[in-house]
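Report on the structure given below.
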Amino acid sequence: MTIDSDSDGDESPTHYFDALSSERRKKREILSEQGIDPYPSRFDRTATAEELHARHGGLEADVRTGETVRMAGRLTSIRGHGRLSFATLNDVTGSVQLLMQEANLSEQAGAVLAAFDLGDWVGAEGEAITSRREELSVDVKELWLLSKALRPLPDKWHGLTETDTRYRQREVDLLANPESRRVFDIRFRAIAAMRRHMVSEEFIEVETPILQPQAGGALARPFFTHSNALDIDLSLRIAPELYLKRLVVGGYERVFEIARNFRNEGVSTRHSPEFTALEAYRAFGDVTEGMELSEQLVVKAAESAVGRMTFAVGERAIDLTPPWPRRQLLDLLEAAVGHRLHPTDPVEDVRAVCRDRGLDILPEWGSGKLIFELYDALLLPTITDPLFVCGFPVEVSPLARHTSSDPTMADRFELCIDGKEFANGYSELNIPEEQEERFDAMTVAAAKGDLEAHPADLAFVRALEYGLPPTSGIGLGVDRLIMLLAEVEAIRDVILFPMMRPEPTD
RNA sequence: GCGCCUCUAGCUCAACGGCAGAGCAACGGACUCUUAAUCCGCAGGUUCCGGGUUCAAAUCCCGGGGGGCGCACCA
C-alpha cells in the first residue's frame, strides 16, 4: 500500500499533492510501523523557552547545569553534522536550541530524529547545557513527535511575504513571520492593558447584541441577515452605543464593551468592514471625562504594549506624550479658511467655501454637515500628534447633547492622531423629546436617500424616558490604535483574519 | 466603483519574443559545535485562467480572476 492512497486529499481544492508532502507522509508511516504514535494525546513539559533562558541565561560555553528539562514546540531549523545535529525549537515564549548527539539518544529518539521535518511539533527531554558557542541548549536524550507537519514551511529566510496568503492563512504567517507575531502580541497586550484600566476605573464589562432589529449608534450602512426562527430581517451592529446607554439607564453607572462592529462600507488600508471599538459610558460625567479617559486608555496601551510614547509610521513621527491639546473645531476651521463658520450660517455661504476647496458635496447637506466635511478634508489630514478637536455641529451628532449656549453645536470631541480619527466622545443626549426630534430629522434624511442616516430607535427613546443621568461616552478605534502602536500602515495587518474574498477554487 | 502595478518550482525571486533558471526547502550522500551550517549529487513547472498575434509567447495584445497601491466613501 502506498502511503498516500489512504489520503482523500488528492482532489481537495486546498490540497496540493507533490513529492514534498508525500515524503512527509512516508516518514509518518515509518514511525507508526516502529510503534511510535505520530499523534500522541498529550505531552507534559517542565519548562518553556522563556523559563529556561530565565534560569540559565548568560552562562559560559560548555556548562552542564545538571537540570533535566522536558520541552515542547515547533521545529523551525535543523543543522545536521553527521552524528551531531542542532535544531531550533520554538514555543509561544521563544526558542531554544536542541543539541542531539547520536550516542546520547535513545533508540526511539534516533528513529524520531531520522523522521523529522521542519515544521513538526516535537517534545524533547535532556539536560540543559551550553554549547561550545555559549548557546543555551538541551542535550537531548529522548525525543517525541507530537504532531507531523505534512506541508512544508515557507522559506525560512524570507518567510511568507505574499499578503494575500498572509491574510488567508494567518496560521502560516504567524508561524513563519516573527514580525507578524510581534504585531499581534502588541495587540493583545494593548487590549489587556485597556481592559485592566477600565476595570481599575470601576467600569463593568458588558456584552450587547450584535444581531439587532435596527442598527444604530453611528452613521453607517449595516450588513443585513435573517432570523429563520422569528422570520425577521436583522442588522449586524454598527455600534453598541444605544444598548450601553440603556444599561446606564438601568443603573450600571460605568459600563464598557470591547465591541466588534460591522459596517457595510469601503475596504481600504484604514477601513475594515469588521472592526473593534472600545465604547465606554460613565454616569455623571460630561465630554471632559471622555477626553481624559481616551487619553488614559491610549497612554496605558502604549506603555504596556511597547513601553514608549514615540512612534514612526511610514515617514511620520508621532508623539503620544500627554497631556494632549484641546482645540475648538470652529477655531481651527477659522484659521484654515480665513473666516469664521457656524452651523447657523446660510447654507449657500458654507457651500461656497466647500466648492472653493474642491469638495464633493450633496445638495441636501446643511451647514453643519458641510462644516464637518471641511474639518474632514482640511483639518484632519494635517494633524499628526494627538489633538482633541472639540465642538461639533448637532447636525452630524444625533446622539450628543447640545451645547448649553448654542443649540446647533454639540459637546462632542474627536481625538485625532496621524491624520485619522482615533476616538469620538460626547456628553450624551438624555432629553427624550430632543432625541426623538433628532431621529425625526434623520428619518427625513433617510427618505431623501441618505443611506447612512441614523434610523429612529423608539426603544431607545423609551429608555431615555426612564431617565439617563448626565453621561460621558466615548468610542475608541482599537484597530487604528494597534496600527499606530505596531507602526504598520494596513488595518488588515492588525486583524487576525481580515475579511477576504473566498479563495478561488479553480 | 475608477486609475496604476502585480501573479513564474513548496517559499523568495530571475529570465521580458528565441532551450524556464537560481537560492532556500525536499530527496540521496559526507560531516560531533552549528545557528541563513558547509560540501557533493539528484529532483522539482498548466509561467493565475481563457482567447489572439507570431515560425516561435512566461514575455506582446484582448477578456476574466486574485492581490497590492492611489483616488472616492467611511472610523
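Naming: A, B, ... by sequence-line order, numbering from 1 per chain.
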message: Work out how far the C1' atom of B/A15 is from that of B/A20, and round it to whole angstrom.
response: 7 Å

field: Partner nucleotide, any strand, of B/G1 [Watson-Crick/G-U, under 3.5 Å]
entry: B/C71

message: For a quick check of understanding: with a heavy-atom distance under 4.0 Å over all strands, which category does A/Ser77 fall into, base, sugar-phosphate or nothing?
response: sugar-phosphate

field: Basic-acidic side-chain contact under 4.0 Å: A/Asp139, A/Arg64
entry: yes

Look for any protein N or O under 3.5 Å of an N or O in nucleotides 69-72 of chain B and output each such pair with its distance, or none.
none

Mate of B/C39 where both pairing distances stay under 3.5 Å, Watson-Crick or G-U: B/G29

query: When rounded to the nearest Å, what value does the distance between C1' atoms of B/C49 and B/A43 take?
result: 28 Å

- prompt: Between A/Glu428 and A/Lys245, is there a salt bridge with N-O shorter than 4.0 Å?
  reply: yes

field: Whole-Å C1' distance, B/A30 and B/C42
entry: 15 Å

- prompt: What nucleotide, of B/C13, B/G10, B/U35, holds the atom closest to the side chain of A/Pro152?
  reply: B/G10

query: Taking for each residue the nucleotide of RNA chain B bearing the nearest heavy atom, is the 5' side occupied by A/Leu160 or by A/Thr130?
result: A/Leu160

- prompt: Would you call A/Arg166 and A/Asp493 a salt bridge, taking side-chain N to carboxylate O under 4.0 Å as the test?
  reply: yes

field: Inter-residue atom distance A/Phe311.CZ - A/Thr384.OG1, 0.5 Å rounding
entry: 14.0 Å

task: Look at all strands and tell whether A/Arg221 reaches a base, only sugar-phosphate, or nothing, counting heavy atoms closer than 4.0 Å.
output: nothing

- request: If B/U53 has a Watson-Crick or G-U wobble mate with both distances under 3.5 Å, name it; if not, just say none.
  value: none

task: Classify the nucleic acid contact of A/Asp117 as base, sugar-phosphate or nothing, counting any heavy atom under 4.0 Å across all strands shown.
output: sugar-phosphate

field: Partner nucleotide, any strand, of B/G45 [Watson-Crick/G-U, under 3.5 Å]
entry: none

message: Can you measure A/Glu134 atom CD to B/C33 atom C1' for me and round it to whole angstrom units?
response: 12 Å

message: Under 6.0 Å from the ring centre and within 45 degrees of the ring axis: does the NZ or CZ of A/Arg412 meet both conditions for the six-membered ring of A/Phe392?
response: yes

- request: Could you work out the separation of B/G23 and B/C60 based on their P atoms and round it to a whole Å?
  value: 27 Å

query: Separation of A/Leu98 atom CG from B/C33 atom P, in whole Å?
result: 17 Å

task: Taking only the side-chain nitrogens and oxygens of A/Lys26, find out if one of them lies under 4.0 Å from OP1 or OP2 of B/C27.
output: no

message: From CD1 of A/Ile491 over to P of B/C73, roughly how many Å is that when rounded to an integer?
response: 18 Å

- request: Between A/Gly80 and A/Thr163, name the one whose nearest nucleotide on RNA chain B is closer to the 5' end.
  value: A/Gly80

- prompt: Got a sec: does the CZ of A/Arg316 have more than 12 other heavy atoms crowding it under 6.0 Å?
  reply: yes

task: For A/Gly475, report the nucleic acid contact type (base, sugar-phosphate, nothing); a contact means any heavy atom under 4.0 Å.
output: nothing

query: Under 4.0 angstrom, heavy atoms only, what part of the nucleic acid is A/Phe422 near: base, sugar-phosphate, or nothing?
result: nothing

- prompt: If pairing requires Watson-Crick or G-U wobble contacts with both distances under 3.5 Å, which nucleotide is the partner of B/C13?
  reply: B/G21

Lys/Arg N to Asp/Glu carboxylate O, A/Glu67 vs A/Arg55, below 4.0 Å: yes

- prompt: Between A/Leu143 and A/Met100, which heavy-atom pair has the shortest distance, and what is it?
  reply: CD1-SD, 3.8 Å

query: If you round to the nearest 0.5 Å, how far is CG of A/Leu481 from OG1 of A/Thr276?
result: 11.5 Å

message: With rounding to the closest Å, how many angstrom separate the P atoms on B/G18 and B/G65?
response: 30 Å

query: Using 4.0 Å as the upper bound for N to carboxylate O, is an ion pair formed by A/Lys26 and A/Glu29?
result: no

Protein N or O to nucleotides 20-23 of chain B N or O, pairs below 3.5 Å:
{"unit_1": "B/G23", "atom_1": "N2", "unit_2": "A/Asp155", "atom_2": "OD2", "d": "2.7"}

- prompt: Taking the side chain of A/Thr161 as its heavy atoms from C-beta onward, which of B/U12, B/G67, B/A75 lies nearest to it?
  reply: B/U12

query: B/U12 and B/U8: how far apart are their P atoms, nearest whole angstrom?
result: 8 Å

message: Students often get this wrong, so: under 4.0 angstrom with heavy atoms, is A/Glu135 touching a base, only sugar-phosphate, or nothing?
response: base

- request: Specify the separation, in whole Å, of atom CG of A/Asn264 and atom C1' of B/G1.
  value: 14 Å

- request: Could you tell me whether A/Gln97 contacts a base, only the sugar-phosphate backbone, or nothing, with contacts defined as non-hydrogen atoms closer than 4.0 Å?
  value: base

message: In whole Å, measure the gap between the C1' atoms of B/C27 and B/G17 for me.
response: 36 Å

field: Atom pair distance, as rounded to whole Å: CD1 in A/Ile78 and P in B/C31
entry: 18 Å

- request: Would you kindly give the CD-to-P distance between A/Glu23 and B/A26, to the nearest whole Å?
  value: 11 Å

message: Of the listed nucleotides (B/A36, B/A26, B/G66), which one gets closest to any side-chain atom of A/Trp157?
response: B/A36

- line: Picking from B/A75, B/A26, B/C33, the nucleotide nearest the side-chain atoms of A/Arg263 would be B/A75

- prompt: Can you tell me how far P of B/A30 sits from CG of A/Leu84, to the nearest Å?
  reply: 15 Å

field: Check ion pair A/Asp418-A/Arg480 (N to O, under 4.0 angstrom)
entry: no

- request: Would you give the length of the straight line joining atom CG of A/Asp360 to atom CZ of A/Arg355, rounded to the nearest 0.5 angstrom?
  value: 11.5 Å

Nearest to side-chain heavy atoms of A/Leu118, which nucleotide of B/A26, B/C33, B/A75: B/A26

field: Between B/U6 and B/C62 - P atom distance, rounded Å
entry: 14 Å

query: Whole-Å distance between B/C11 P and A/Leu153 CG?
result: 12 Å

message: Using 0.5 Å steps for rounding, measure from the OG1 atom of A/Thr208 to the CD atom of A/Glu257.
response: 3.5 Å

Any A/Arg79 side-chain N or O less than 4.0 Å from OP1/OP2 of B/C31: no

